[in-house]
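Right, one structure below, let's go through it.
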Amino acid sequence: MKIKSIKSYRLRAPLGDQLFYSSQAMFPERNSYLVRVETDSGLVGWGEGGQWGPAEPVATVMDAVLAPRVIGRDPTEPVRIWEELYGYTRDYGQKGTYVEAIAALDIACWDIAGQAAGMPVGKLLGGRFRDSVAAYATGCYYPQDYHDMPAMLRALEAETTGYKGSGFGLLKIKIGLLTLAQDIERIRVIRDAVGPEIGLLVDANHAYTAASAVRMGRMMEPFDIRFFEEPVPPEDRDGYRKVRSENPIAVAGGECEFTRYGFRDLIAGGCVDIVQPDLAACGGFTAFREILTLANCHNIGTVPHVWGSGIAVAAALQAIATIPAFPFTAQAIPLLNEPVVEFDRKHNPLRDELLNERFELVDGRLAVPQGPGLGVTVNEEVLARYAV
Ligand SMILES: [Mg+2]
């Protein structure tokens with residue numbers, strides 16, 4: 001089997017008045033870069049590259065650098081293709097856009113390899129430990145007018161009361177845009193609204209110095225926070241180590257990290273308790289498998305990050321299905337020893353409309369697609385609607 005054509009899709013879905021903030025930026029739209037790989041046998045594979053931001057850089061790398069090198073290659077050899085593309089772009093790649101483009105191609109090749117073998121990618125990678133994955137809700141973003149504290153707290157209370165009885169056992173909330181005291185006030189309102197049953201996770205999107213993060217971790221301790229995501233910038237390895245050793249909450253990170261090399265430094269460097277590779281950023285399934293092995297060697301959890309279109313979610317579910325318990329026990333408990341999947345609660349038509357299949361939450365869990373490859377198919381009409 002040979003790759004016959006590679007086509008890039010830049011998708012953009014404006015959010016209108018549903019825009020929101022993290023600690024880093026306003027999100028006025030959803031963006032995704034998708035690649036469609038077609039073979040001479042008629043099989044078509046899909047991949048996604050990058051977790052947010054404009055799709056143009058990844059599209060340019062794919063179209064100008066990678067695609068000409070893989071036309072005519074056998075897509076059922078994704079590991080070989082990965083090594084050759086990474087080696088070819090190493091001098092100027094290593095992280096960021098180049099690896100995101102390799103990730104997109106890798107996901108599409110595994111999709112094709114799974115279809116050729118007649119099995120889902122999770123099975124092709126060695127087997128599925130689970131057919132569904134406990135989902136955590138991501139919500140409590142900052143509104144446009146985040147200076148109006150009373151209005152924000154009222155909206156938070158209304159939003160989070162809705163999570164009670166929703167099936168979600170875990171809720172991830174944003175912190176880091178306001179003062180420590182203001183964010184603690186938000187957490188207090190959220191904890192009161194959801195009650196003691198729902199586990200809370202916090203995500204600072206690398207908003208703090210290590211000293212501030214340690215202080216924030218101690219201030220958050222009474223609210224039973226299960227993990228503290230990206231407390232400091234991804235390059236600050238010493239800061240990560242300080243936060244991990246001096247704050248009482250488990251430290252998570254890795255959505256801005258790339259390949260086995262980047263994760264080697266994060267994991268073996270003792271920076272995190274939970275590692276969060278994003279399939280569409282870290283280098284696809286091929287890199288994910290290597291990162292998982294590194295994490296297993298250090299007895300830390302692997303909980304992939306996912307924030308993209310339906311293709312990224314399907315890839316994440318296939319990958320998460322293959323993660324063994326960390327460590328092995330006779331009972332799987334979400335997050336304690338069992339991976340969970342991120343299910344963002346903000347409007348995302350690129351996730352919820354793009355596929356012919358739907359991701360449906362049943363008893364707080366998302367089913368891992370059963371069909372061959374990624375197990376999902378793209379609705380080409382919807383694709384055309386959001387393609388730039
Ligand atoms: Mg995050």
Side-chain angles (χ1 to χ4, degrees), residues 19-27 30-32 48-53 95-96 99-100 103 133-142 146 168 170-178 183 186-187 190 199-208 210 212-213 216-217 220 225-237 239-240 243-244 247 249-258 262-263 266-267 271-282 288 291 295 300-309 312-313 315-316 319-320 335 339-348 350-351:
L19 60 81
F20 54 89
Y21 275 83
S22 73
S23 72
Q24 299 302 306
M26 182 176 76
F27 292 86
R30 295 283 187 176
N31 300 287
S32 282
E48 180 157 353
Q51 47 143 319
W52 70 282
K95 288 178 190 277
V99 178
E100 291 172 348
V133 180
Y136 70 82
T138 297
C140 304
Y141 291 89
Y142 296 97
Y146 53 80
F168 284 112
L170 295 165
L171 167 64
K172 187 166 91 181
I173 65 180
K174 292 292 177 183
I175 61 170
L177 185 67
L178 306 175
D183 272 332
R186 291 172 63 250
I187 294 169
I190 293 164
L200 292 181
L201 319 169
V202 299
D203 183 359
N205 293 100
H206 48 77
Y208 302 128
S212 302
M216 187 61 176
M220 292 190 294
I225 308 293
R226 306 286 173 85
F227 72 56
F228 187 174
E229 179 172 324
E230 286 204 294
V232 295
E235 306 91 328
D236 184 9
R237 311 283 192 207
Y240 260 107
V243 178
R244 192 183 182 203
N247 114 91
I249 300 169
V251 173
E255 70 179 77
C256 306
E257 197 48 82
F258 300 86
F263 281 88
L266 199 67
I267 294 167
C271 297
V272 291
D273 298 286
I274 292 164
V275 74
Q276 301 174 293
D278 188 305
L279 271 279
C282 75
F288 162 78
I291 294 160
I300 67 168
T302 301
V303 176
H305 174 267
V306 58
W307 215 65
S309 81
V313 175
I320 293 169
L335 202 57
V340 292
V341 65
E342 177 160 19
F343 204 45
D344 180 24
R345 298 289 71 210
K346 278 285 187 188
H347 185 53
N348 187 353
L350 302 183
R351 182 191 65 195

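As the structure is a prediction and not an experimental result, all values here were calculated from the model. Whatever order the structure lists ligands and atoms in, that order sets their numbers, starting from 1.
Of all N/O/S atoms in E255, OE1 sits nearest the Mg ion (ligand 1). Closest to the Mg ion (ligand 1) among the N, O or S atoms of E229 is OE2. The nearest N/O/S atom of D203 to the Mg ion (ligand 1) is OD2.
The minimum heavy-atom distance linking L279 with P304 is given by the pair CD2-CB, 4.3 Å.
Of the candidates D203, D183, V202, D203 is the only one forming a side chain to side chain contact (heavy atoms under 4.5 Å, CB included) with K174.
Note on R237 versus E257: salt bridge recorded, some NZ/NE/NH1/NH2 to OD/OE distance being below 4.0 Å.
Using the six-membered ring where Trp is involved, Y208 and F228 have ring planes that are perpendicular, over 60° apart on the 30 and 60° scheme.
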